K.L.:
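Provided herewith is a single structure, encoded as structure tokens, for subsequent inquiry.
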Amino acid sequence: MIITTREDTIFLRIFAAVILSGKQLSDSIKAELAAEVALFPERYGRAPHLAVILVGEDPASVTYVRNKERACEKVGIQNTTIRLPETTAEEDLLARIAALNADPGVDGILIQLPLPAQIDELTAIKAIAREKDVDGFHPENVAALWRRRTEPEPNPQYCVPCTPRGIIRLIKAAGVDIEGKRAVVVGRSNIVGLPVSKLLLNENATVTICHSHTRDLASITRSAEILVVAAGQRALITGDMVAPGAVVIDVGINRGEDGRLYGDVDFESVAPKAAVITPVPGGVGPMTICSLLENTIDCFINRQ
Ligand code: GUN
């Protein structure tokens, strides 16, 4: 599509993008969760308990884990972080997971990814008891999503991965009806791209998944009414790649040389064209943590 300067001006007026604050939405959800969790000691005898395992000291992972701890404290979820050295052997990690599986006082287990090379990620994920898998990464939980056993969403029997769950929540909070929409997802990771594609499909969107081998990415992203970008590449999506009026969800977290965080979407050129856009930081990130809290509460209630 060629947009003349004049039309562009009109579009700018019609589509003044709404900046969708995941931070604000997650703060209000967290307040609701805190009120819910406050009732649990009387009702169930204790609060939910999330255990996080962090292997090594990857700076991004250290930050994520700290944010998770803070969020748990805020809503009254008990949390334990097990910090293990970078050199931890796979069998030692598996022994830790087995102990958490067997601990009746632990409701949710999260292994922060990525793991060091000596540990096989799938082996570790499979070792988590399915009913304590707050990430929804266990093969049985993945299968539940792809066989639509997670519905009606959210079904506390099966955890849906945190970032995708948060993205759908955010899109719906913006008043966007997903049904029948053309959705394009850029990225095919197990953590975001694939599960968010399936969730959008479950909401009856028509979904296209793009990746590093996609030819003429721009022609596909321009067809999107809902565009979810989880490619891990700063400013991959620019204004010329987005249709006027699109809903743009930026999952990227890229640290610039200036130490600041940048998304996969070039906010400056895309925001004037989009109807709705998420900022980085303060967009999808806080929603991921919110979903983790909800998944932990779901696992807790499920085990009563
Ligand atoms: N690393 C980056 N994102 C995630 C996530 O959602 N869960 C886990 N466990 N590790 C991650």
Side-chain angles (χ1 to χ4, degrees), residues 22 26 50-72 77 79-84 86 88 90 93-94 96-97 100-101 106-117 119-130 132-139 141-142 145 150 154 158-170 185 187-199 228-233 249-255 261 263-264 278 280-281 283-296 298-299:
S26 75
L50 171 67
V52 173
I53 302 179
L54 172 62
V55 186
E57 289 170 12
D58 171 68
S61 293
V62 169
T63 305
Y64 294 145
V65 168
R66 202 182 313 123
N67 290 341
K68 286 167 192 167
E69 287 171 333
R70 283 203 197 119
C72 282
I77 292 177
N79 71 96
T80 305
T81 303
I82 299 172
R83 292 180 165 80
L84 301 175
E86 180 81 25
T88 300
E90 186 175 286
L93 175 62
L94 296 180
R96 295 283 190 154
I97 297 167
L100 294 173
N101 285 342
V106 170
D107 306 292
I109 303 170
L110 180 146
I111 303 168
Q112 185 64 37
L113 303 176
L115 288 167
I119 299 171
D120 181 60
E121 194 175 288
L122 184 57
T123 302
I125 289 168
K126 277 164 78 175
I128 299 173
R130 189 202 69 74
K132 294 188 181 187
D133 169 34
V134 286
D135 258 327
F137 293 166
H138 188 286
N141 286 328
V142 174
L145 173 61
T150 52
Y158 301 97
C159 285
V160 169
C162 299
T163 302
R165 181 177 177 176
I167 290 170
I168 299 296
R169 184 93 181 246
L170 203 47
V185 177
R188 54 176 165 178
S189 69
N190 289 316
I191 294 181
V192 183
L194 291 181
V196 81
S197 300
K198 183 60 170 111
L199 287 178
V228 178
V229 191
Q233 197 178 321
I249 307 293
D250 189 352
V251 190
I253 302 176
N254 309 289
R255 198 165 288 278
L261 295 179
D264 290 352
T278 60
V280 175
V284 171
M287 294 305 297
T288 296
I289 295 198
C290 223
S291 302
L292 173 64
L293 302 174
E294 291 178 308
N295 282 353
T296 303
D298 286 348
C299 286

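Each residue takes its place number in the sequence, starting with 1. For clarity, every value in this text was computed on a predicted model and none was experimentally measured. Each ligand, and each atom within it, is numbered from 1 in the order the structure gives.
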K.L.:
Tell me which part of Thr288 gets within contact of ligand 1: side chain, backbone, both or neither, using heavy atoms under 4.0 Å.
P.N.:
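Neither part.
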K.L.:
For atom 11 (C) of ligand 1, what's the nearest protein heavy atom and its distance?
P.N.:
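For this ligand atom, the closest protein heavy atom is Gln112 NE2, 3.4 Å.
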K.L.:
Only heavy atoms of Leu110, strictly under 4.0 Å: list the atoms of ligand 1 that pass.
P.N.:
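Every atom of ligand 1 under 4.0 Å from some heavy atom of Leu110: 9 (N).
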K.L.:
Below 4.5 Å, heavy atoms only, C-beta onward: do Leu100 and Lys132 meet side chain to side chain?
P.N.:
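Side chain of Leu100 against side chain of Lys132, heavy atoms only: no contact under 4.5 Å found.
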K.L.:
Hey, are Asp298 and Arg165 close enough for a salt bridge, meaning a charged N less than 4.0 Å from a carboxylate O?
P.N.:
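Yes, Asp298 and Arg165 are salt-bridged.
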K.L.:
On a heavy-atom basis, which atom in Ser61 and which in Leu54 lie closest, and how many Å separate them?
P.N.:
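Heavy-atom minimum between the residues: CB-CD1, 3.8 Å.
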K.L.:
For atom 10 (N) of ligand 1, what's the nearest protein heavy atom and its distance?
P.N.:
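Ranked first by proximity to atom 10 (N) of ligand 1 is Leu113 N, 3.0 Å.
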K.L.:
Looking only at distances, please establish whether an N/O atom of ligand 1 is found under 3.5 Å from an N/O atom of Ile111.
P.N.:
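For ligand 1, there is an N or O atom that lies under 3.5 Å from one belonging to Ile111.
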K.L.:
Would you mind checking which non-hydrogen protein atom is closest to atom 4 (C) of ligand 1, with the distance to 0.1 Å?
P.N.:
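Protein heavy atom with the smallest distance to atom 4 (C) of ligand 1: Ile191 CD1, 4.1 Å.
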K.L.:
Does any N or O of ligand 1 fall below 3.5 Å from an N or O anywhere on Lys68, backbone included?
P.N.:
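By distance alone, the answer is no.
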K.L.:
Looking only at heavy atoms, which two atoms of Ser291 and Cys162 are closest? And how far apart?
P.N.:
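Shortest heavy-atom separation between Ser291 and Cys162 comes out as OG-O, 3.0 Å.
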K.L.:
Please answer whether the main-chain N or O of Gly232 pairs with a side-chain N or O of Asp264 as donor and acceptor at a distance below 3.5 Å.
P.N.:
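Side chain of Asp264 to backbone of Gly232, a donor-acceptor pair under 3.5 Å: yes, one is there.
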K.L.:
Give the residue, atom name and distance (to 0.1 Å) of the protein heavy atom nearest atom 9 (N) of ligand 1.
P.N.:
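Here the nearest protein heavy atom works out to Asp135 OD2, 2.6 Å.
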K.L.:
Using the side-chain contact (heavy atoms from CB on, under 4.5 Å) rule, pick out the option among Asn101, Val134, Asp135, Val52 that qualifies with Ile109.
P.N.:
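One option only clears the test, and that one is Asn101.
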